[in-house]
Amino acid sequence: MRAEPQFAFLDEGSKKEIRRATLKAVAIPGYQVPFASREMPMARGWGTGGLQLTCSLVGKDDVLKVIDQGADESVNAVSIKKLIRATTGIPVTERTEEATLIQSRHRIPEVPLTKEQILVLQVPTPEPLRQYEKKESVTKRLHAESEYSGAWLMLFEQIMKYGRTTTGADHPVLVNGRYVMAPSPIPRFDNPKMDHSEALILLGAGREKKIYAVPPYTDIRSLAFEDHPFEGEDFSGKSCRFCGATGVFLDELHVEETGMTEYQCNDTSHCADRLERQDEKEVQHATI
Amino acid sequence: MQLDSVHDIQKVYRELLQCMARPGKIADTRETAAKADLIRECHPATFLVAQTLLDAEVTFHVLGDRAENIRRKIADYTFAAHAPAEEADYIIAPLCTSEPELLEAMQACKAGTLENPHDSALWIIESGALGEPAGRKLSGPGIKDEADAPIALSDAFVSTRNRKTQEFPAGIDLIFTDSDGGISCIPRTTAISAKEGSAWVM
Ligand SMILES: [Zn+2]
């Protein structure tokens, strides 16, 4: 007899282990809970941590959205969607509002998430102190003792050298006043979306075998100095060349024909959604 | 109807996860719990939570007079091994557990260390109906402003629990279950207020 394929790829024992680790992660916001990361049918570092979280969460009633660098159609996002769809049969969507589970790499969607949604972030490097301390046994002790002067020094040196912090993405945050945490390689623009989020946020690192979490309504502060306050990427005075959006994360591009620098939404599904709505409005207008 | 070990357990897990993420929230697992009425001596929701989290890789401990039967059945269903309260990963306090026994075990159980705070006991405590006026407020991560405590808690219980969580991140996390499929959580990060109208100070 042929064994039935496993729902959501993982066997129930693996899911159980991930679920136990996830509950601890939620109970200790920002603390990296070790787990026995499984082999997934993708290379580690391509979102296997996030994927395992998604597999441990997903049920028959879920609707999944997968984002990679703001886009739903990248190779990575497509292969994750394929795997989940093939092993669960659940629908996938590009619309943030329709999704119950959102797995993302590099972005938090522009549309504010709700308490009915869970955001899963893929993490390549979960340890925010790794840059200056190679040994896991030492970073664990530093977290235990709340000894974060190294993290502050790192930022301070950047300011001395460049006049500002140079973290492009993955700018460290302080969770609930206790743990310094890597928010995953989201742009600084997205850091404030973690603060007192309505949605539960789970982070998974497959290669490093860590799960951590930001519960809803939890204090998230980006590390900064009083005289050098934290700043997200600045897009003031700029707007999307397609949908005209302002106050969103924009990609800069050089348009060959005009020789001009233009901007467009990084969150492509949000952009498409806005365009669609603008079309609808025009149609309504035209028929009146 | 039989309990579906994939889909029913997934549903329970999601409820449990949202409860742990939102202290004071009460989840209703009645429909699933109706399929889990397998151990006469404990609430179906208790059995559901055990089925969701326990397997041969973890240990558990059951308190109370009827511990023996519950212990045997949970071990049969989950393959988890029974362990003394000081070592167990999961501690189950059935409704019949006396408060002195519960508090003694709470003092003795694993709270993890500052380096490994996850190596701590997760409690499954059976209670009367969740959601009755409890006279205490909860605050902390997962709670917008304030939430009502899901269940009345004695001063002795709260002070023992607070002592156990004072060396955060070490601490213990609590899951409450009632006879009607209700589940609610109080993780270690939650501050529990003094009883309304009492002079007791945390
Ligand atoms: Zn746009």
Side-chain angles (χ1 to χ4, degrees), chain A residues 4 6-8 11-13 15-36 56-62 88 100-101 115-116 118 137 140-146 175-179 196 198-202 211 213-220, chain B residues 4-23 25 49 51-58 78-80 89-90 112-120 122 139-147 165 167-175 185-190:
Chain A
E4 245 188 71
Q6 266 150 177
F7 182 82
D11 63 275
E12 292 307 302
K15 286 181 194 167
K16 218 172 244 192
E17 207 249 359
I18 295 165
R19 289 167 180 170
R20 286 193 294 252
T22 307
L23 287 178
K24 295 280 184 184
V26 169
I28 317 167
Y31 169 70
Q32 302 163 48
V33 182
F35 82 110
S56 76
L57 291 163
V58 69
K60 286 189 286 192
D61 302 331
D62 277 310
T88 65
T100 54
L101 278 179
K115 65 183 193 326
E116 283 75 30
I118 296 177
S137 59
K140 263 190 97 69
R141 202 190 65 228
L142 294 174
H143 282 294
E145 296 168 353
S146 282
V175 182
N176 190 30
R178 177 56 180 81
Y179 280 104
H196 288 259
E198 292 260 336
L200 168 64
I201 303 172
L202 301 176
I211 287 169
V214 176
Y217 312 117
T218 299
D219 269 338
I220 300 292
Chain B
D4 183 322
S5 64
V6 176
H7 301 292
D8 284 335
I9 293 301
Q10 181 272 339
K11 268 194 207 149
V12 175
Y13 168 62
R14 283 284 281 277
E15 295 287 358
L16 198 51
L17 178 63
Q18 287 293 356
C19 285
M20 195 61 88
R22 301 165 199 276
K25 172 191 159 76
V49 174
Q51 275 282 79
T52 305
L53 300 176
L54 272 54
D55 62 17
E57 288 177 36
V58 296
T78 67
F79 305 109
D89 301 311
Y90 294 83
T113 61
L114 296 181
E115 264 187 48
N116 290 300
H118 64 284
D119 189 17
S120 54
L122 178 53
S139 59
I143 302 167
K144 189 179 186 181
D145 307 322
E146 262 187 349
T165 56
E167 295 213 30
F168 184 82
I172 53 169
D173 310 306
L174 314 176
I175 301 170
C185 295
I186 301 186
R188 67 193 73 186
T189 48
T190 303

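Source: prediction; values computed, not measured. Per chain, numbering begins at 1; letters A, B, ... match sequence-line order.
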Which atoms of [X] approach chain B - backbone, side chain, both or neither, heavy atom under 4.5 Å:
{"X": "A:I201", "answer": "neither"}
{"X": "A:L142", "answer": "neither"}
{"X": "A:E145", "answer": "neither"}
{"X": "A:K115", "answer": "both"}
{"X": "A:D62", "answer": "side chain"}
{"X": "A:A199", "answer": "backbone"}
{"X": "A:V214", "answer": "neither"}
{"X": "A:R178", "answer": "side chain"}
{"X": "A:D61", "answer": "side chain"}

Which answer fits [X], side chain, backbone, both or neither, if we ask what part of it has an atom under 4.5 Å from a heavy atom of chain A?
{"X": "B:S5", "value": "backbone"}
{"X": "B:Y90", "value": "side chain"}
{"X": "B:D145", "value": "neither"}
{"X": "B:I143", "value": "backbone"}
{"X": "B:L54", "value": "backbone"}
{"X": "B:D55", "value": "both"}

*For atom CD of B:E167, decide whether the heavy atoms of other residues, nucleotides or ligands shown that lie under 6.0 angstrom number more than 12.*
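Result for CD/B:E167: open.
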*Side-chain heavy-atom pair A:K60, B:K11 within 4.5 angstrom cut-off*: no
*Please find out if less than 6.0 Å separates the ring center of A:Y31 from that of B:H118.*
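For A:Y31 and B:H118, the ring centres are under 6.0 Å apart.
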*State plainly whether the residues A:R20 and B:E57 are in salt-bridge range, i.e. N to O under 4.0 Å.*
yes
